[in-house]
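To keep things clear, I will list the structure first and then write my remarks on it.
A note on names: the letters A, B, ... follow the listed sequences, proteins ahead of strands, and every chain is numbered from 1.
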Number of protein chains: 2
Amino acid sequence: MFRLAAKMDARSKLLDAALSVIRHKGYSASTVDELCAAAGVTKGAFFHHFRSKDALGVAAADHWSETTSALFAEAAYHRHADPLDRVLAYVDFRKSLLQGGVSDFTCLVGTMVQETYETAPEIRDACDRSISGHAATLVADIEAAMAERGMVATGWTAQSLALHTQAVLQGAFILAKAKGGAEVAADSVDHLRRYIELLFGRVPASQPAHTSTSA
Amino acid sequence: MFRLAAKMDARSKLLDAALSVIRHKGYSASTVDELCAAAGVTKGAFFHHFRSKDALGVAAADHWSETTSALFAEAAYHRHADPLDRVLAYVDFRKSLLQGGVSDFTCLVGTMVQETYETAPEIRDACDRSISGHAATLVADIEAAMAERGMVATGWTAQSLALHTQAVLQGAFILAKAKGGAEVAADSVDHLRRYIELLFGRVPASQPAHTSTSA
DNA sequence: TTCTATACCGACTAGTTGGTATGTAGACTG
DNA sequence: CAGTCTACATACCAACTAGTCGGTATAGAA
């Protein structure tokens with residue numbers, strides 16, 4: 001039997017609904033009844049497919065990983081010939097995603113891990129897999145950009161820079177939630193881009209002039 | 001009647017307990033009964049001092065602002081003569097705070113705003129006040145550092161850089177929660193320091209050598 | 001002393017919570 | 001065509017939830 005992706009069974013509907021509801025209200029405040037209502041299924045269906053609410057949380061994080069993986073895999077930023085251009089285009093792509101309402105562009109797993117890191121280790125691990133797995137997709141390009149320039153980074157690695165990009169994005173989402181808009185997040189992503197440009201010795205598009213020679 | 005700060009009335013005990021409990025479990029998952037138990041007070045005392053759980057959330061965010069304001073106001077990083085040194089020393093101070101368990105160094109308001117930004121506007125605003133107010137304490141030093149160098153920043157402002165430092169820290173906390181340790185957060189703070197050094201034309205302590213002249 | 005206001009107590013409640021028990025419609029199997 | 005399995009649906013429950021309410025203790029004012 002072929003499991004068609006288009007077939008929206010109760011499980012798929014619940015996972016899609018979970019992405020939306022949890023991004024709006026957080027994990028703890030999202031009730032099973034509410035998730036069922038949003039998915040248009042009954043509670044019986046919920047507990048048929050998931051042992052518990054926490055099990056749904058883990059599945060939702062995995063579902064998020066798959067959804068976002070697909071989005072980034074087909075994105076155009078990979079097409080650049082130069083690896084540094086690919087990294088910068090990734091940052092630009094992330095900035096371009098900051099559209100619509102705050103709950104439309106913020107990160108499910110970043111939200112969930114804040115609430116569950118101590119109380120639900122399985123969810124925390126699923127969130128870590130999602131974030132760290134996504135960061136890992138950047139490492140090869142960063143390493144190539146370093147190698148191309150003969151850079152021997154001391155004090156940081158391609159891995160740590162990749163994780164730093166995710167930290168900036170997650171933090172930008174928090175500021176966007178606090179301020180109720182995407183602008184502050186876009187500003188932070190701009191700073192991230194500028195950092196990467198400076199780090200690799202490329203002069204940022206609109207770099208301030210230094211007129212004094214202090215220090 | 002003088003209200004002594006040392007007098008631990010039920011209200012103060014509840015606020016202190018709230019900082020701890022909410023940082024461990026998040027806001028939604030922290031029940032009123034649990035907050036009372038942690039504070040060693042009864043439910044009657046809780047609702048005598050706070051109209052609702054959300055009202056406690058707002059008060060806890062304000063209490064957090066006061067507590068952290070005091071901590072940073074007396075910190076030594078202000079003593080540097082050069083404003084850029086003060087900014088960098090602030091970053092170093094933030095890194096030095098990444099000690100102990102994850103719940104000991106992560107941010108209350110960053111956690112709370114993730115859960116409440118859509119459902120409890122009063123809490124969201126209190127969290128925004130806390131984050132933005134703290135960021136504002138950095139603006140004067142950043143502006144002074146810019147002015148000292150005759151920098152005319154295009155594309156960013158002292159305000160946006162100050163907010164970016166908070167974004168990096170908040171994101172670093174999320175990664176620390178996901179990975180269960182402070183190391184990844186410290187790495188991100190290192191990247192933040194390096195960015196500020198590069199931005200102000202100061203060569204980072206251990207900057208990688210560029211051997212090629214691409215671009 | 002009496003009045004009043006504040007601070008606190010703890011039993012209670014109405015509604016909600018995650019989870020269960022049982023039933024059943026349809027597809028597949030022999 | 002009886003038997004079995006999956007994929008749900010419905011009714012239900014014990015525990016928990018935020019919030020209420022009548023009461024008590026104490027201190028200062030009159």
Side-chain angles (χ1 to χ4, degrees), chain A residues 1-18 21-22 24-61 63 112 115-116 118-124 126, chain B residues 1-18 21-22 24-61 63 112 115-116 118-124 126:
Chain A
M1 192 239 265
F2 299 103
R3 176 171 293 277
L4 296 176
K7 189 194 173 199
M8 283 298 270
D9 58 352
R11 184 185 157 87
S12 299
K13 285 193 280 187
L14 277 166
L15 287 174
D16 285 345
V21 174
I22 296 173
H24 276 278
K25 313 188 48 174
Y27 175 75
S28 298
S30 298
T31 68
V32 173
D33 281 335
E34 196 173 4
L35 292 165
C36 292
V41 306
T42 61
K43 218 168 183 176
F46 185 103
F47 286 100
H48 173 72
H49 289 289
F50 306 103
R51 277 175 294 110
S52 64
K53 188 192 170 188
D54 278 7
L56 169 95
V58 173
H63 183 54
M112 278 208 297
E115 299 178 62
T116 60
E118 272 203 343
T119 51
E122 295 184 352
I123 296 179
R124 183 202 61 210
Chain B
M1 191 240 262
F2 300 103
R3 176 170 294 278
L4 296 177
K7 188 195 175 200
M8 282 298 269
D9 57 352
R11 183 186 158 88
S12 299
K13 285 193 280 187
L14 277 166
L15 287 174
D16 285 344
V21 174
I22 296 173
H24 276 277
K25 313 188 50 174
Y27 175 74
S28 298
S30 298
T31 69
V32 172
D33 281 334
E34 196 173 5
L35 291 164
C36 292
V41 305
T42 62
K43 218 167 185 176
F46 185 103
F47 286 100
H48 173 72
H49 290 288
F50 306 102
R51 275 176 296 111
S52 64
K53 188 191 169 189
D54 278 7
L56 170 96
V58 173
H63 183 53
M112 278 207 297
E115 300 178 62
T116 61
E118 271 203 344
T119 51
E122 294 184 352
I123 296 178
R124 183 203 60 210

Which whole-number value in Å describes the distance from [X] [atom1] to [N] [atom2]?
X	N	atom1	atom2	result
F46(B)	dA11(C)	CZ	P	19 Å
F47(A)	dT10(D)	CZ	P	16 Å
K25(B)	dC16(D)	NZ	P	12 Å
L35(A)	dG19(C)	CG	C1'	14 Å
F50(A)	dT6(D)	CZ	C1'	16 Å
D9(B)	dT26(D)	CG	P	17 Å

Once rounded to the nearest 0.5 Å, what's the spacing between atom [atom1] of [X] and atom [atom2] of [Y]?
X	Y	atom1	atom2	result
H63(B)	L56(B)	NE2	CG	10.5 Å
T42(B)	D33(B)	OG1	CG	10.5 Å
L35(A)	K13(A)	CG	NZ	14.0 Å
D54(B)	T116(B)	CG	OG1	8.0 Å

Where the side chain of [X] is defined as all heavy atoms beyond and including C-beta, which of [options] is the nearest nucleotide?
X	options	answer
V41(A)	dT20(C), dA9(D), dC9(C)	dA9(D)
H48(A)	dA7(C), dG18(C), dA7(D)	dA7(D)
D33(A)	dC8(C), dT17(C), dC8(D)	dT17(C)

Answer with yes or no whether K43(A) presents, from its side chain, a donor or acceptor under 3.5 Å of a partner atom in the base of dA9(D).
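Under the 3.5 Å cut-off, the side chain and the base do not form any donor-acceptor pair.
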Could you walk me through whether H49(A) and V41(A) pass side-chain contact (heavy atoms from CB on, under 4.5 Å), step by step?
CA-CA 11 Å; H49(A) 289 289; V41(A) 306; over 6 Å; no
Given that G44(A) and S30(A) both sit by DNA chain C, which one's nearest nucleotide is further toward the 5' end?
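The residue mapped nearer the 5' terminus is S30(A).
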Assign T42(A) to base, sugar-phosphate, or nothing according to its heavy-atom contacts below 4.0 angstrom with the strands shown.
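The residue T42(A) makes base contact.
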Under a 4.0 Å heavy-atom cut-off, which of residues 52-61 of chain B touch DNA chain D?
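Residues of residues 52-61 of chain B under 4.0 Å from DNA chain D: S52(B), K53(B).
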Within a radius of less than 6.0 Å around CD of E34(B), do more than 12 heavy atoms belonging to other residues, nucleotides or ligands occur?
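Correct, the count exceeds 12.
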Does the cation-pi check pass for K53(A) over F46(A), that is, NZ or CZ under 6.0 Å from the six-membered ring centre and within 45° of its axis?
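So K53(A) doesn't make the cation-pi contact.
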Does H49(A) place a side-chain N or O at less than 4.0 Å from the phosphate oxygens OP1/OP2 of dA7(D)?
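No.
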